[in-house]
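Take a look at the structure set out below.
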Amino acid sequence: MDSDREKLASVPSHQITLPVRDYDLGLTLSSGQAFRWQAVEGEWEGVIRGHWVSLKPVPGGIVARTARPVRDWDWLREYLRADEDLNSVVSHFPRDPAIHAALAACPGLRLLRQDPWECLASFILSSTKQIVQIQQIVAKLCERWGEAIPTADGDRLAYAFPSAETVAALEERDLRECKMGFRAAYLLQTARIIAEGKLDLEELSQLTVGTARERLESLPGVGPKIADCVLLFGYGFQEAFPVDVWILKALQQLYFPKRQVTLRQMREFSRGHFGRFAGYAQQYLFHYMRTQNRQ
DNA sequence: CTCCAGGCGCCTT
DNA sequence: AAGGCGCATGGA
């Protein structure tokens, strides 16, 4: 019986159902950690490590459809962190009113585990841009310079995220065509450093979070905030706590309503206060602030 | 029209 | 160490 199931599971297929709970797929994919997801008729279409995939929430799980038959679905489980137990993460949060409100405001919000290069490049492009605009820039970059890949419906194509080597071979004006402005030079220089092997992105996952952060911050266009985003969303260093303008507002308003606190002091405070899964707490506070601000 | 956006690098104190 | 400013671009 079990061996039959093994055999069935290893047969290449265009579809799989991943069992998950406490998982708001739409909220997670549109929460500003990844920039390539599009809502199409109740499903979410995107590209993960060169696989076009469509995801649909169903009771008790997520149904994934691909263009080509797939034997090993680990890339998808890893990306969605499908095996992570949200309750055990939340149990490590500090018990304060701010976290409580943020948790209540966005149940089922998750962290993704993205490809490090795509994550790094995307967040280099994120500085002083709104999420919608980052999505547009990344879409242009992929359409213009990414490899064309098949989708589930015949003639329509999707595009992979261009590799560091591909970007490194371009000129700055090629990148500026994608409307990324002054970020073009940063992306190009960073791509060349990686393509030349001067920094090994694969190796970073084996370092301590502090050393990995130092390496990332040595790249042009990568400061503390972007480094923390890459550590959190691309490598799964769950203690990383990106501090951007929204989080600054959130911490100021929720934890220091009486006195003005500098960005540096906020980084200091967040390191001590939020614990092992600080990155998850950050994502909840970030999204909480964004939704509050909408009205 | 002005203001600001999931910042960073460089230049002053 | 800490603060101010310019940087491209587009949406509100």
Side-chain angles (χ1 to χ4, degrees), chain A residues 27-37 102 105-106 109-112 114 116 118-141 144 170-191 193 199 213-235 237 240-254 259-271 274 278-295:
Chain A
L27 180 61
T28 299
L29 297 179
S30 63
S31 66
Q33 24 176 342
F35 303 101
R36 298 212 60 200
W37 293 96
C106 21
L109 178 61
R110 298 291 194 126
L111 287 180
L112 302 168
Q114 302 173 53
E118 177 173 341
C119 188
L120 171 62
S122 299
F123 277 94
I124 286 175
L125 299 176
S126 77
S127 83
T128 37
K129 279 289 176 194
Q130 300 184 75
I131 291 173
V132 181
Q133 297 175 318
I134 304 166
Q135 290 168 340
Q136 290 167 355
I137 294 170
V138 170
K140 282 192 171 71
L141 178 66
R144 189 81 180 77
L170 301 177
E171 299 296 330
E172 188 176 325
R173 64 172 177 277
D174 301 325
L175 293 172
R176 281 184 182 258
E177 284 175 13
C178 303
K179 305 299 179 187
M180 59 183 73
F182 62 86
R183 303 158 195 82
Y186 294 147
L187 179 61
L188 182 57
Q189 291 171 51
T190 288
I193 289 169
L199 180 67
R213 184 182 286 116
E214 275 178 33
R215 299 277 169 86
L216 288 170
E217 287 185 6
S218 75
L219 295 167
V222 182
K225 189 273 176 180
I226 291 175
D228 271 353
C229 284
V230 178
L231 291 170
L232 182 61
F233 304 138
Y235 287 99
F237 285 106
F241 190 97
V243 179
D244 68 349
V245 288
W246 289 100
I247 289 298
L248 207 53
K249 271 188 240 178
L251 296 182
Q252 180 71 62
Q253 180 181 312
L254 299 169
R259 65 186 176 95
Q260 191 71 29
V261 184
T262 67
L263 194 141
R264 204 175 201 83
Q265 291 172 306
M266 287 301 194
R267 291 209 176 93
E268 203 61 32
F269 164 75
S270 61
R271 257 201 291 281
F274 293 105
Y280 250 103
Q282 186 272 0
Q283 195 62 14
Y284 275 88
L285 290 172
F286 174 74
H287 201 271
Y288 178 51
M289 277 312 273
R290 280 218 308 151
T291 50
Q292 292 300 99
N293 217 274
R294 262 200 200 132
Q295 58 239 355

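Quick note: numbers below take in every heavy atom, side chains included, and nothing from hydrogens, waters or symmetry partners. Here is how names work: the chains are called A, B, and so on, in the same order as the sequence lines, proteins then strands, and each is numbered from 1.
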d(A/Leu187 CG, A/Arg176 CZ) to nearest 0.5 Å is 11.5 Å
Rounding to the closest angstrom, what is the interatomic distance between B/dG9 and C/dG10 at atom C1'? 23 Å
Contacts of A/Ile247 and A/Val222 projected onto DNA chain B by closest heavy atom; the upstream (5') one is A/Ile247
Compare the minimum distances between each of C/dA8, C/dG10, B/dC8 and the side chain of A/Lys225, then state the nucleotide with the smallest one. B/dC8
Just how far, in rounded Å, is P of B/dC8 from CZ of A/Phe123? 11 Å
Enter the distance from A/Asp228:CG to A/Ile247:CD1 here, rounded to the nearest 0.5 Å. 11.5 Å
Describe the nucleic acid contact of A/Ser122 in one word from base, sugar-phosphate, nothing, applying a heavy-atom distance below 4.0 Å. nothing
Among C/dA1, C/dA8, C/dG11, the nucleotide that comes nearest once only the side chain of A/Arg264 is considered: C/dA1
To the nearest Å, how far apart are A/Lys129 NZ and C/dT9 P? 8 Å
Closest to the A/Thr262 side chain, choosing from C/dG11, C/dG3, B/dG7: C/dG3
Spell out, as yes or no, whether a donor-acceptor pair under 3.5 Å connects the side chain of A/Gln283 to the backbone of A/Leu111. no
Do the rings of A/Phe182 and A/Tyr186 sit parallel, tilted or perpendicular, given the 30° and 60° boundaries? perpendicular
Pairwise C1' distance for B/dC8 and C/dG11, with rounding to whole Å: 22 Å
Write down the distance between CZ (A/Arg173) and P (C/dA8), rounded to a whole number of angstrom. 17 Å
Rounded to whole Å, CZ of A/Arg183 lies from P of B/dA5 at a distance of 13 Å
Identify whether any heavy atom of A/Leu175 sits under 4.0 Å from a base atom; if not, whether one sits that close to sugar-phosphate; answer base, sugar-phosphate or nothing. nothing
Nucleotide nearest A/Tyr186 when distance is taken to its side chain, options C/dA8, C/dG3, B/dG9: B/dG9
Hey, which of these two, A/Gly223 or A/Gln133, hits DNA chain B nearer its 5' end, going by closest nucleotide? A/Gln133
Just call it for A/Gly32: base, sugar-phosphate, or nothing, with non-hydrogen atoms closer than 4.0 Å on any strand. base
To the nearest 0.5 Å, atom SG of A/Cys229 lies from atom NZ of A/Lys225 at 3.5 Å
Hey, does A/Val243 reach any base, or is it just sugar-phosphate, or nothing, if we go heavy atoms under 4.0 Å? nothing
When you measure from the side chain of A/Arg176, which nucleotide among B/dG7, C/dA8, C/dA1 comes out closest? C/dA8
Length of the line joining A/Glu217:CD and B/dC8:P, which is rounded to integer Å: 8 Å
What's the CD1-P distance between A/Ile124 and B/dG7, to the nearest Å? 14 Å
Spacing between A/Gln135 atom CD and C/dG11 atom C1', to the nearest angstrom: 14 Å
Nearest whole angstrom, please: distance from the C1' of C/dC7 to the CE of A/Met180. 15 Å
Over 60° means perpendicular and under 30° means parallel, so tell me whether A/Trp246 and A/Phe286 are parallel, tilted or perpendicular. perpendicular
Which nucleotide wins on minimum distance to the side chain of A/Lys179, given the candidates C/dA8, C/dT9, B/dG7? C/dT9
